Amino acid sequence: MKTRTPWSPILVLLLVLGLLFYLGYISLNERINDGQFLNSFLSDLWATMAGVIVGIPVALFIGHLQQKALENADSRRQIREAEERTARILRLVRAELAYNLNPVGGNVKLKDEMWQTLSDGGELKYIETLELLDTISTAYYHIRVASILRQKFYEADHNPTMPSGPVKAARDRILQDVSEQEDSLRRAIEEALKQISKHIG
């Protein structure tokens with residue numbers, strides 16, 4: 001964050017020059033008759049003025065360059081940290097999506113806890129590529145739909161109170177929906193995994 005100095009460089013330069021002229025005028029009035037002093041004073045005055053005129057702007061310019069270098073270094077550090085955080089988030093999402101593509105040990109329950117945690121915690125703001133975010137969100141939409149259908153299929157298949165005819169009809173209908181959704185789910189997850197790999201390798 002830039003801090004503004006209360007005195008502008010031009011004003012400081014004018015004040016220094018004015019002070020030098022004032023001191024010179026006082027000293028000159030006291031020793032106006034001393035020729036050697038006058039020559040010495042004028043040469044010292046011109047040397048001092050030249051040093052002030054050249055030195056102050058150069059010092060201010062160098063200070064400005066140093067400030068810009070610090071700001072650039074801080075900006076690069078912030079960009080690098082944001083990129084590293086984005087990569088960590090995408091690796092976690094990729095692992096969860098890969099699990100849902102190939103459930104371990106034939107597990108039928110789909111996972112979206114990591115996605116929900118990242119979403120609730122505001123971490124998704126680090127995924128700045130909107131197309132990538134949309135692709136991942138689409139995959140998680142299909143995961144939610146598939147989870148609901150799988151739960152309905154499980155409930156219809158394990159309901160001992162319903163007559164066998166209605167159970168079979170409901171089960172067959174849900175099974176058809178599940179099969180159709182599984183294809184959409186697989187395509188959506190594979191596309192999301194492909195896009196994530198493009199971003200983090």
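Computation of the quantities below employed the complete heavy-atom set of this structure, encompassing side-chain atoms and omitting hydrogens, waters and symmetry-equivalent molecules. Quick caveat, the model's predicted, so the values are computed rather than measured.
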Roughly how far apart are L97 CG and R94 CZ, rounded to 0.5 Å? 10.5 Å
Decide yes or no on side chain to side chain contact (heavy atoms under 4.5 Å, CB included) for L193 and I189, but give the supporting numbers first. CA-CA 6 Å; L193 290 173; I189 292 178; 3.8 Å; yes
Any donor-acceptor pair under 3.5 Å linking the side chain of T86 with the backbone of A82? yes
Taking W115 as the starting point, is it possible to reach I148 by hopping between hydrophobic residues whose side chains are less than 4.5 Å apart? no
Between E131 and Q195, is there a side-chain heavy-atom distance shorter than 4.5 Å? no
Between D183 and R186, is there a side-chain N and carboxylate O pair less than 4.0 Å apart? no
Given side chains that start at C-beta, do those of Y140 and E96 come closer than 4.5 Å, heavy atoms only? yes
Any Lys/Arg nitrogen of E81 or R85 sitting under 4.0 Å from an Asp/Glu carboxylate oxygen of the other? no
Give a yes or no on whether E128 atom CD has more than 12 heavy-atom contacts from other residues, nucleotides or ligands under 6.0 Å away. no
How many angstroms lie between CG in L110 and CG in L101, if you round to the nearest 0.5 Å? 10.5 Å
Can you tell me how far the CD atom of E191 sits from the CD1 atom of I136, to the nearest 0.5 Å? 11.0 Å
With rounding to the nearest 0.5 angstrom, report the CD1 to OG distance, I143 to S137. 11.0 Å
For the student: nearest non-hydrogen atoms of L185 and A146, plus distance: CD2-CB, 3.9 Å
Return the minimal non-hydrogen interatomic distance between H199 and L90, and the atom names on each side. CB-CD1, 4.1 Å
Before accepting this row, confirm whether a basic side-chain N of the pair R187/E190 lies closer than 4.0 Å to the acidic partner's carboxylate O. no
Output the distance between atom NE2 (H142) and atom CZ (R144), rounded to the nearest 0.5 Å. 10.0 Å
Measuring from atom CG of L133 to atom CD1 of I127, what distance do you get when rounded to the nearest 0.5 angstrom? 5.5 Å
